[in-house]
Every structure is written in structure tokens, then in C-alpha cells.
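First the structure, in the form of C-alpha cells, and then the observations on it.
Along the sequence shown, residues carry numbers from 1.
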Amino acid sequence: MKLIKTKIAGVYIIKNSPFKDCRGSFTRLFCEKEIEKKTKFKLKQSNLSFNKSKYTLRGFHYQTGKFSEKKILKCIKGKIFDIVVDLRKNSPTYKRYISFILDDKNNKSLLLPKGCANAFLTLANNSIILYYTNNFYNKNFEKGLRFDDPNFKFKWPKVPRVISKKDMGYKDFKKLI
């Protein structure tokens, strides 16, 4: 397991190294000792997102206040295009975003710090994403951005076909600040 820095402080790619033999493979997806060296991540909750249709969009989601959270996400089946946006006002990369491809073959996970939001677009049917968070979910502290917020000009590889009403209903970012 190796943590690789990205252009946004606190956002890491986690490169998993599977052990392979005649039976198949074995991959360590989470190791508190390895991850805590750089991030102080204490696991509190795990979630699984199943997405039946290609071009399903989820996000942008994040939590605030005492429920803000660090997250690790991994695509364990299928393929996704994930965007992480820095919403930390004191960060040198405030309002910048970066994107990643995660799939069931590249052995990568993403680690996001508190104050960053993420969204993903599925690029394959039946995509499954595993999340680990260091805080508990609380609906009253959940916030979001629209995938097409004009303040960011996010670049998606395809037009989303499936989006929840909640995700479409977020206000423009300028109205939030």
C-alpha cells in the first residue's frame, strides 16, 4: 500500500499491491497503520454504492462542522470518473479540482481530506464503489454542489444520464458562500 500525493494537499491516490498466486489475488484495501502515518484517518463507517447504469452521477457531496469527514473510496467493480474539489477557504488550492479514473483493474483508491467534495460519473454498468469514512453520516451537516455548477466548469467525459433530484437541486456555489 503506497500513498501518492496529488496537486491538492491532503488528497492522495492509494496504490494497492495485490498478492497473486494460482488461486487469484489478495489485496489489502485499508490499513490504519499505513494510512495514519500521513493522514490521521480513524475508520468510523463503511458504505457501498451500487450504480446499475452507465453515466450515473453521484455528488458532489461533503459534510460540514463536527461531521466533516475524510473519505477513502475505491471502485471494486466497473469504472468511474471521479472529481475532487477543494472547498477549504484557507487552502492554496481553494476552488480547484482534479479528476481521476478508478476501476476494478487499476488497484487505486482515493483519500480525500475534510473540506473537499467529490462526485463521480459511472463509465460502466453495475459499478460498485466502496467508501470508508472517519466520521459518521449526519443528514443535517450534509452539503453539495451541482455537477454543472457554472462557478467551476467541471469537465466530465460524458453527459450524465441518471442524477438524483437532490443532486440536481443544489444551489450555485456563489450563493453558498
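A side-chain N or O of Asp86 and one of Ser91 form a donor-acceptor pair less than 3.5 Å apart. For the 3.5 Å distance criterion, the side chains of Ser49 and Asn47 fail to qualify, holding no donor opposite an acceptor. Between the side chains of Glu142 and Tyr137, a donor-acceptor pair is found at a separation under 3.5 Å.
A single hydrophobic cluster is seen to contain both Leu110 and Ile80, as judged by linkage of ILVMFWY side chains at heavy-atom distances under 4.5 Å, directly or through other members. Using a 4.5 Å cut-off between side-chain heavy atoms of Ile, Leu, Val, Met, Phe, Trp and Tyr, with links allowed through other members, Leu43 and Ile14 fall into the same hydrophobic cluster. Note: the hydrophobic cluster containing Tyr94 does not contain Ile98 (ILVMFWY, side chain heavy atoms under 4.5 Å, direct or indirect links). Under the 4.5 Å side-chain heavy-atom criterion for grouping Ile, Leu, Val, Met, Phe, Trp and Tyr, Val11 is connected to Ile4 within one hydrophobic cluster. One hydrophobic cluster holds both Ile76 and Met1 under the rule that ILVMFWY side chains link at heavy-atom gaps under 4.5 Å.
With contacts defined as side-chain heavy-atom distances shorter than 4.5 Å, the pair Leu57/Trp156 qualifies. Using a 4.5 Å heavy-atom cutoff, the side chains of Leu102 and Ile129 are not in contact. Taking the side chain as every heavy atom from C-beta outward, Lys166 and His61 approach each other to under 4.5 Å. Contact annotation: the side chain of Lys114 approaches that of Asn134 to within less than 4.5 Å [non-hydrogen atoms, C-beta and beyond]. Within the 4.5 Å cutoff, side-chain heavy atoms of Leu112 are placed close to those of Leu73. Contact of the Leu123 side chain with the Tyr55 side chain is registered, since non-hydrogen atoms from C-beta on lie closer than 4.5 Å. Using a 4.5 Å cut-off on side-chain heavy atoms (C-beta onward), Asn138 and Lys66 make no contact. Taking 4.5 Å as the limit, every side-chain heavy atom of Asp149 sits out of range of all side-chain heavy atoms of Tyr170.
Asn106 CG to Phe100 CZ: the interatomic distance, rounded to the nearest 0.5 Å, is 11.5 Å. To the nearest 0.5 Å, atoms OG (Ser164) and CZ (Arg58) are separated by 8.0 Å. To the nearest 0.5 Å, the span separating NZ on Lys155 from CD1 on Ile83 amounts to 9.5 Å. For the atom pair Thr39 OG1 and Glu32 CD, the distance stands at 9.5 Å (nearest 0.5 Å). Summarising the geometry, atom CZ belonging to Phe67 is positioned 11.5 Å from atom OG1 belonging to Thr133; distances are rounded to the nearest 0.5 Å. Between Asn135 atom CG and Gln63 atom CD the span is 7.0 Å, to the nearest 0.5 Å.
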Check against side-chain contact (heavy atoms from CB on, under 4.5 Å), Lys7 and Thr93:
CA-CA 8 Å; Lys7 293 180 181 181; Thr93 54; over 6 Å; no
Applying side-chain contact (heavy atoms from CB on, under 4.5 Å), run through Leu87 and Lys143 and close with a yes or a no.
CA-CA 11 Å; Leu87 300 176; Lys143 301 278 186 206; over 6 Å; no
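The two residues Ile8 and Arg88 come nearest to each other via the heavy atoms CG2-NH2, 3.5 Å. In terms of heavy atoms, Lys79 sits closest to Ile101 at CE-CG2, 3.6 Å. For Ser109 against Ile72, the heavy-atom pair with the smallest separation is CB-CG2, 4.0 Å. Across every non-hydrogen atom of Pro113 and Gly10, the tightest pair is CD-O, 3.2 Å. In terms of heavy atoms, Ser99 sits closest to Phe81 at CB-CZ, 3.4 Å. Looking at every heavy atom in both residues, Pro150 comes nearest to Arg146 through CD-NH2, 3.7 Å.
The one candidate from Phe147, Phe120, Phe154, Tyr97 that meets the ring pair (Phe, Tyr, Trp, His ring centres under 6.0 Å) condition with Phe60 is Phe154.
Centroid-to-centroid, the aromatic rings of Phe152 and Phe173 come within less than 6.0 Å. Residues Phe41 and Tyr132 keep their aromatic ring centres 6.0 Å or farther apart.
The backbone N or O of Gly78 lies less than 3.5 Å from a partner atom in the side chain of Asp104, making a donor-acceptor pair. No donor-acceptor pair under 3.5 Å is formed between the side chain of Asn107 and the backbone N or O of Lys15. At distances below 3.5 Å, at least one donor-acceptor pair connects side-chain atoms of Thr122 with backbone N or O atoms of Ser53.
Salt bridge status for Asp103 with Lys105: absent, with no side-chain N to carboxylate O gap under 4.0 Å. Under the 4.0 Å criterion applied to side-chain N and carboxylate O atoms, Lys42 and Glu36 are assigned as salt-bridge partners.
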